[in-house]
Amino acid sequence: MSEGAARPRAVIIGAGIGGLAAAAGLHAAGWDVTGYERAASLEPVGAGLALAPNGLRALDVFGAGDAVRAHAIGQEIGIRRPDGRWLLRSSTERMVTDRFGDPVILLPRSRLIEALASRVPAGVLALSTEVTSAGQDGHVATAAGPLDADLVVAADGLSSATRAALFPDHPGPRYAGFTTWRLLTPEFPGPVPMSETWGPGSVFGVMPLADGRVYCYAAAPAPRGAHSPDDELAELVRRFGGWHKPIPALLGSATPESVLRHDVAELAEPLPAMHRGRVALLGDAAHPMTPNLGQGACQALEDAAVLARLATGLDGSGVPGMLASYTAMRLARTTKIVRLSRRAGRMTTWTSPPAIALRDGLAMTLGKLAPAAALRGLAPIYDWHPPAATPK
């Protein structure tokens with residue numbers, strides 16, 4: 001972009017993790033940014049999340065990485081059986097930090113939203129404003145009126161209307177066959193080791209946070225759209241209340257209002273591209289995945305970081321070529337991670353006793369004899385680095 005030229009304009013649809021990251025990144029890259037969010041506030045839907053080293057590097061592009069690293073705490077990590085026996089056990093420092101340069105950070109989703117929102121200038125976001133259409137030419141219609149943009153970033157989530165409009169022949173997300181529960185406990189007396197417990201066809205995860213609370217999640221096969229006959233906390237107690245300590249006490253400290261339940265969907269068939277014309281798809285709008293690898297937020301952040309780096313120094317005329325590069329850099333990677341996450345999810349939903357014995361035996365062997373193999377398996381995901389910031 002030449003000195004004195006008009007700043008290119010970007011419109012962001014959605015102000016979740018991916019939308020806020022894109023707004024922060026494009027603003028820092030020199031763009032005029034307007035973000036639209038149909039909700040009345042930025043209060044996040046969700047309880048907690050994990051950010052792996054690749055997600056932290058993406059956050060560094062927006063200047064928000066260190067704010068999230070402040071939530072790091074040293075802790076154990078591992079896989080357990082419902083009776084409490086450890087199948088695999090180590091520490092985040094030894095397993096992740098020494099290999100990848102950062103640990104996995106556990107934090108409330110609201111803290112990540114705050115860290116990203118702090119990088120978005122006042123006046124950029126328009127809340128309670130729905131985008132009704134976004135054309136490939138950059139023309140956007142909103143409840144507040146129309147406008148034209150050089151770049152439209154659709155971060156409008158799993159049920160993205162923009163994705164459906166751009167790719168009307170694509171089947172869209174499909175139900176993955178299981179549902180998830182999430183909750184944040186009040187401050188809980190420790191120590192509480194970080195662990196994921198694998199039972200017959202179901203999983204319960206325990207993730208202690210730096211503020212003393214504990215983020216818990218669970219997953220189990222269920223008919224799509226099913227709900228508990230009383231409340232979801234009671235359902236968790238029925239399913240997991242007899243599992244090892246501290247799971248019963250964690251559930252006992254929660255309230256029914258704190259439990260969120262959502263069916264899991266994924267984009268089993270990848271899109272042919274992550275853009276059309278001047279419109280880019282980002283995060284769950286582009287590649288919804290199962291939560292088994294904890295990469296949903298990380299991949300949205302990677303998308304936004306790549307867009308920000310590609311957009312630096314660019315004017316509006318360069319957007320079509322930039323988005324072709326965006327698809328080239330992101331589609332194959334996210335398609336692979338969607339597939340790997342699906343594979344991990346299938347293993348945790350096994351119910352056959354011989355299959356469970358095989359799975360648990362392999363986990364124990366891996367933990368005792370070949371812990372480096374687990375790190376090698378994570379390397380293609382965690383070793384990602386954002387592209388260099390090279391002005392156009």
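Since this is a predicted model, take the numbers as computed values, not measurements. Atom set for the values below is all heavy atoms of this structure, side chains included, hydrogens, waters and symmetry mates excluded.
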Is the closest side-chain donor-acceptor distance between His262 and Thr180 under 3.5 Å?
no
_Count I, L, V, M, F, W, Y as connected when their side-chain heavy atoms are under 4.5 Å apart, and connections chain through other members. Are Leu59 and Leu20 then in the same cluster?_
yes
For Thr179 and Arg261 the tightest heavy-atom approach is OG1-NE, 3.4 Å
Can we say Arg57 and Asp60 salt-bridge, meaning some charged N sits less than 4.0 Å from an Asp/Glu carboxylate O? no
Notebook entry, point to check: Given side chains that start at C-beta, do those of Cys216 and Val214 come closer than 4.5 Å, heavy atoms only?
Noted result: yes
Arg342 and Glu266 ion-paired at < 4.0 Å
yes
Is there a donor in the side chain of His287 and an acceptor in the side chain of Asp303, or the other way round, less than 3.5 Å apart? yes
Hydrophobic cluster membership, Val203 vs Met289, 4.5 Å side-chain cutoff
yes
Show, in sequence, the C-alpha distance, side-chain angles and deciding distance for Arg89 and Ile77, and conclude whether the side chain to side chain contact (heavy atoms under 4.5 Å, CB included) test is met. CA-CA 6 Å; Arg89 190 178 193 181; Ile77 182 173; over 6 Å; no
* Is there a path from Leu107 to Leu250 through hydrophobic residues (I, L, V, M, F, W, Y) whose side chains come within less than 4.5 Å of each other? -> no
Residues 285-302 vs salt bridge (charged side-chain N to carboxylate O under 4.0 Å, His left out), sequence neighbours excluded, gives Glu302-Arg330, Glu302-Arg333
Worked verdict on Leu26 versus Val153 for side chain to side chain contact (heavy atoms under 4.5 Å, CB included): CA-CA 10 Å; Leu26 289 170; Val153 179; 4.0 Å; yes
If you apply the rule side chain to side chain contact (heavy atoms under 4.5 Å, CB included), what do you find for Asp102 with Val96, and how did you get there? CA-CA 7 Å; Asp102 270 309; Val96 180; over 6 Å; no
Quiz prompt | Ion pair Arg81/Asp83, N-O distance below 4.0 Å | solution = yes
One should read off an interatomic distance between Arg163 CZ and Asp156 CG, to the nearest 0.5 angstrom, of 8.0 Å
Over 12 non-hydrogen atoms of neighbours within 6.0 angstrom of CZ in Arg238: yes
Of all heavy-atom pairs linking Ile73 and Pro208, the shortest is CD1-O, 3.7 Å
When rounded to the nearest 0.5 Å, the distance separating CG of Leu49 from SG of Cys298 is 8.0 Å
Check your understanding: So does Arg38 have more than 12 non-hydrogen atoms from other groups sitting under 6.0 Å from CZ?
Key -> no
Are Leu293 and Tyr215 linked, directly or through other ILVMFWY residues, by side chains that come within less than 4.5 angstrom of each other? yes
Notebook entry, point to check: Taking atom types as modelled and ignoring hydrogens, do the side chains of His27 and Arg119 form a donor-acceptor contact shorter than 3.5 angstrom?
Noted result: no
The residue among His275, Arg278, Met322 that forms side-chain contact (heavy atoms from CB on, under 4.5 Å) with Leu151 is Met322
Note: Trp350 and Ala355 closest approach over all heavy atoms is CE3-O, 3.5 Å
Validation row: His139, Pro146 side chains within 4.5 angstrom (heavy atoms)
yes
- Query: Hey, is the main chain of Ala324 close enough, under 3.5 Å, to the side chain of Thr327 for a donor-acceptor pair?
  - Reply: no
* Between Arg9 and Asp150, is there a side-chain N and carboxylate O pair less than 4.0 Å apart? -> no
Testing the 3.5 Å rule here: is there a donor-acceptor pair between the side chains of Thr290 and Ser341? yes
Flag yes if Leu106 and Ile381 sit in one hydrophobic cluster, no otherwise; membership is Ile, Leu, Val, Met, Phe, Trp, Tyr, and two members link when side-chain heavy atoms are under 4.5 Å apart.
-> yes
| query | Does the side chain of Glu235 reach to within under 4.5 Å of the side chain of Trp181, using non-hydrogen atoms? | reply | yes
- Query: Do you see a donor-acceptor pair shorter than 3.5 Å between the side chains of Thr197 and His244?
  - Reply: yes
Just do the side chain to side chain contact (heavy atoms under 4.5 Å, CB included) check on Gln299 and Ile337 with the steps written out, would you? CA-CA 9 Å; Gln299 291 307 303; Ile337 292 174; 3.3 Å; yes
